[in-house]
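Shown next, in structure tokens, is the structure this report addresses.
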There are 2 protein chains.
Amino acid sequence: MDDLTEMLKGTLEGCVLEIIGSEETYGYAITRRLNELGFADVIEGTVYTILLRLERGDLVRVTKRPSEKGPPRKFYALNAAGRAELAAFWAKWEYLSSRIDSLRESGK
Amino acid sequence: MDDLTEMLKGTLEGCVLEIIGSEETYGYAITRRLNELGFADVIEGTVYTILLRLERGDLVRVTKRPSEKGPPRKFYALNAAGRAELAAFWAKWEYLSSRIDSLRESGK
DNA sequence: CCCCACTACTCGGTGATACCGTGTAGCAGT
DNA sequence: ACTGCTACACGGTATCACCGAGTAGTGGGG
């Protein structure tokens, strides 16, 4: 699949929120998870910028823990504001995708 | 529905392509059509920048025609490259929405 | 023992996109 | 003459995903 970057704007952050919401995890693992989910071209730098944004926006709780396989990891979990943001993301996504599907129907 | 602008990046241009593809039309009417389709906050300036971009990218055929109700209108129709771009847009959209739906499923 | 690979995070800068505000203009009705 | 609707163009802004380079910790092969 060719370049999805423009289409990912606004949705990739929501995907990261969803992953964090389902399990406390860290940046490197989130990137690998996105890759295996089909977001093949998403790179670590992108995920880390999103995580820093979430942290600055006070949507996550961060816990630093040592790793057996390298430098220490920063584990992320959603707080109340993060869960609200995640719910808002899914509401927007449902709205947008229904609008787009109806546009496609009306067009033919 | 609150702000969709980030999520519209990459998709709004595709919506405009779809509208042009189904009927030769002009900027002001495209904006009204988007509004009634549920893209309520999309403003004329946004649509015109997209149309100029399509024109510069050689994806459309442009015909200027006088109007009974105001200044002359620029009518847009897809050319071969535009139709290819539209098909590519739908392919990307299907890919992305299927990935996101599967992410949501796997999360719960 | 040293280099390499993998893991793990940070940061400055880039390009693309939707949006905002303003300006220009034609036409119709009061 | 004034207001409102139609119709388009343009400079500037914010946000986002991405890129590139840098910093580190761990373990294995030559």
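First the proteins, then the strands, lettered A, B, ... as listed; each starts at 1. Values reported hereafter were calculated over all heavy atoms of this structure, with side chains retained and with hydrogens, waters and symmetry mates removed.
- Side-chain N/O atoms of B/Lys9 and base N/O atoms of D/dT15 include a donor-acceptor pair closer than 3.5 Å.
- Remark: P of D/dT26 and OH of A/Tyr28 are 16 Å apart, rounded to the nearest angstrom.
- As judged by a 4.0 angstrom heavy-atom cut-off over every strand, A/Leu51 is placed among residues making no nucleic acid contact.
- Remark: B/Lys74 is in phosphate contact with D/dA9, judged by side-chain N or O atoms under 4.0 Å from OP1 or OP2.
- Ion pairing of B/Arg32 with B/Glu44 is present here, as a side-chain N (NZ or NE/NH1/NH2) and a carboxylate O approach within less than 4.0 Å.
- Distance A/Lys92 NZ to D/dC16 C1': 12 Å, rounded to the nearest Å.
- Regarding A/Glu44, its CD atom lies at a distance of 14 Å from the C1' atom of D/dA24, rounded to whole Å.
- Between A/Thr5 and D/dC18 there is no side-chain N or O to OP1 or OP2 distance below 4.0 Å.
- Protein chain A touches strand DNA chain C; the 5'-most and 3'-most nucleotides with an atom under 4.0 angstrom of its non-hydrogen atoms are C/dT7 to C/dT17.
- If you measure from atom CG of A/Leu4 to atom C1' of D/dA17, you get 12 Å, rounded to the nearest angstrom.
- When the shell of 6.0 Å around CG of A/Asp101 is examined, it contains more than 12 heavy atoms from other residues, nucleotides or ligands.
- We find that B/Arg104 and A/Glu94 are joined by a salt bridge, their nearest charged nitrogen and carboxylate oxygen being less than 4.0 Å apart.
- When the P atom of D/dA9 is taken as reference, atom CZ of B/Arg73 falls 14 Å away, rounded to whole Å.
- One interatomic measurement links the two molecules: CD1 of B/Ile43 to P of D/dC10, which rounds to 19 Å at whole-angstrom precision.
- Residue B/Arg56 places its side chain closer to D/dC10 than to any other of D/dT6, D/dC10, D/dC18.
- Atom pair A/Ile50:CD1 and D/dC19:P shows a separation of 13 Å (rounding to whole Å applied).
- Annotation: side chain of A/Asp41 is not in contact with side chain of A/Leu4 (no heavy-atom distance under 4.5 Å).
- Atom P of nucleotide D/dA14 and atom CD of A/Glu13 are separated by 18 Å, given to the nearest angstrom.
- How far CG of B/Leu34 is from CZ of A/Arg99: 12.0 Å, rounded to the nearest 0.5 Å.
- Judged by closest nucleotide on DNA chain D, B/Leu52 is the one of A/Glu68 and B/Leu52 placed further toward the 5' end.
- A/Thr31 OG1 to A/Ile43 CD1: the interatomic distance, rounded to the nearest 0.5 Å, is 8.0 Å.
- Look at A/Arg53 and you won't find any side-chain N or O under 4.0 angstrom from OP1 or OP2 of D/dT15.
- A/Arg65 has a carboxylate O that lies under 4.0 Å from a charged side-chain N of A/Glu24, or vice versa, which qualifies the two as a salt bridge.
- Residue-to-nucleotide proximity on DNA chain C shows that, of A/Glu6 and A/Tyr76, the 5′-proximal contact is made by A/Tyr76.
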